[in-house]
2 protein chains.
Amino acid sequence: MAPSRNPQPESSGRSTRQKRSIRQVLANADRPLTPQEILTEAQLDCPGLGIATVYRAIRAWVEDGWIAPVEIPGQPDRFELGGKRHHHHFHCRSCGLVFEVERCDSRVAAFAPPDFVVDDHEILLYGRCASCAS
Amino acid sequence: MAPSRNPQPESSGRSTRQKRSIRQVLANADRPLTPQEILTEAQLDCPGLGIATVYRAIRAWVEDGWIAPVEIPGQPDRFELGGKRHHHHFHCRSCGLVFEVERCDSRVAAFAPPDFVVDDHEILLYGRCASCAS
DNA sequence: GTCGTTGCAAAGCGTTTGCAGCCTA
DNA sequence: TAGGCTGCAAACGCTTTGCAACGAC
């Protein structure tokens, strides 16, 4: 079977207007979003939505694995749909956007000192994206 | 000549007991330290030292280039001596400490999509350090 | 009706800043 | 002595939490 994307969070509790709006925003995004961006976007569909609700939904879905945090040092956390293939990120210093990078070399794990156990790694590339570089 | 470490910050203004203590702590550290760790350590030598003074010294020295920030997503910034050889970091999820990793493979820059210009990269390893793994 | 969920406001946490007094040069 | 430096406390921005009202089931 093809490892298809979870269309919905698994254990999302009750279905509410707020969570539906937030989920929709995340599902439609083509790049990782900050909680503030999610709030602003979701409020278009659900006025009165509070930032606390966004954080609570995010937290629950990260635990679910339905979304995943994208943490760029020095910047607020962003979130994208989880369940994707292992990948990394490219941060354009010109336009500030974050892009996905498909390639990876798991041999980087061997960089750790002897006796250290590596169970995950993150590679961040910095520079200028195609459109900013041209 | 061997590229020796700057023994002192360049433009550190007046010499005070506080800044001497903070500088000493950074110079003697074998791993990146958080402002809080720096404060606690420096207070042994300089009681009454305030956290604001630590932040002010850090900021000035980062601008100097005498120290460099080490930013682990989801954690407070840490600081280490600047001017070191290119290296990366390992974050122990058990004890929370951050260690230096000497090795690197600059081929990771080639992971970016075509037409993207990569001018820097960061590799973060996560797992358990030697003493936590045993 | 139950109890998970929400918005609000307050609390945390790491970091910065305003200010009056201190101390280096 | 002048003006940079310091400690304190308040202010910040982002995130979490306490609480009473709300609403899905």
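Since the model is a prediction, treat every value here as computed from it, not as a measurement. To find a chain, count down the sequence lines: A is the first, B the second, and so on, and within it residues start at 1.
Atoms CG (B/Asp77) and P (C/dC13) sit 18 Å apart, rounded to a whole Å. B/Phe79 places its CZ atom 11 Å from the C1' atom of C/dG14, with the value rounded to the nearest Å. Rounded to an integer number of Å, the gap from CD of B/Gln36 to C1' of C/dT15 is 11 Å. Separating the CD atom of B/Glu71 from the P atom of C/dG14 is a distance of 16 Å, rounded to the nearest angstrom. B/Ile38 places its CD1 atom 10 Å from the P atom of C/dT15, with the value rounded to the nearest Å. Taking atom CG on A/Leu39 and atom P on C/dT6, their separation rounds to 13 Å, with Å as the unit.
Tested against B/Ser21 for a side-chain contact (heavy atoms from CB on, under 4.5 Å), the candidates B/Leu39, B/Asp45, B/Val54, B/Thr16 yield a single pass: B/Asp45. Partner of A/Arg31 under the salt bridge (charged side-chain N to carboxylate O under 4.0 Å, His left out) criterion, chosen from A/Glu37, A/Glu100, A/Glu80: A/Glu37.
Taking every heavy atom of both residues into account, B/Phe90 and B/Arg128 meet most closely at CZ-N, 3.5 Å.
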Would you sort out whether A/Asp119 and B/Arg93 count as a side chain to side chain contact (heavy atoms under 4.5 Å, CB included), showing the intermediate values?
CA-CA 10 Å; A/Asp119 53 44; B/Arg93 287 183 159 134; 2.7 Å; yes
Report the C-alpha separation of B/Ile58 and B/Ile38 in whole Å, then their side-chain angles, then the decisive distance to 0.1 Å, and conclude whether the side chain to side chain contact (heavy atoms under 4.5 Å, CB included) test is met.
CA-CA 10 Å; B/Ile58 286 174; B/Ile38 296 169; 3.9 Å; yes
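When the side-chain nitrogen and oxygen atoms of B/Gln18 are compared with OP1 and OP2 of D/dG7, one or more of them lie within a distance under 4.0 Å. The phosphate of C/dG14 has neither OP1 nor OP2 within less than 4.0 Å of any side-chain N or O from B/Gln75.
Side-chain contact annotation: B/His91 with A/Glu122, donor-acceptor N/O pair under 3.5 Å absent.
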Reading 5' to 3' through nucleotides 19-25 of chain D, protein heavy-atom contacts under 4.0 Å coded B for base, S for sugar-phosphate only, - for none:
----BBS
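Comparing B/Tyr55 and A/Val54, the nucleotide of DNA chain C nearest to each residue sits closer to the 5' end for A/Val54.
Within 4.0 Å of B/Ile51, counting heavy atoms only, lies no atom of the nucleic acid at all.
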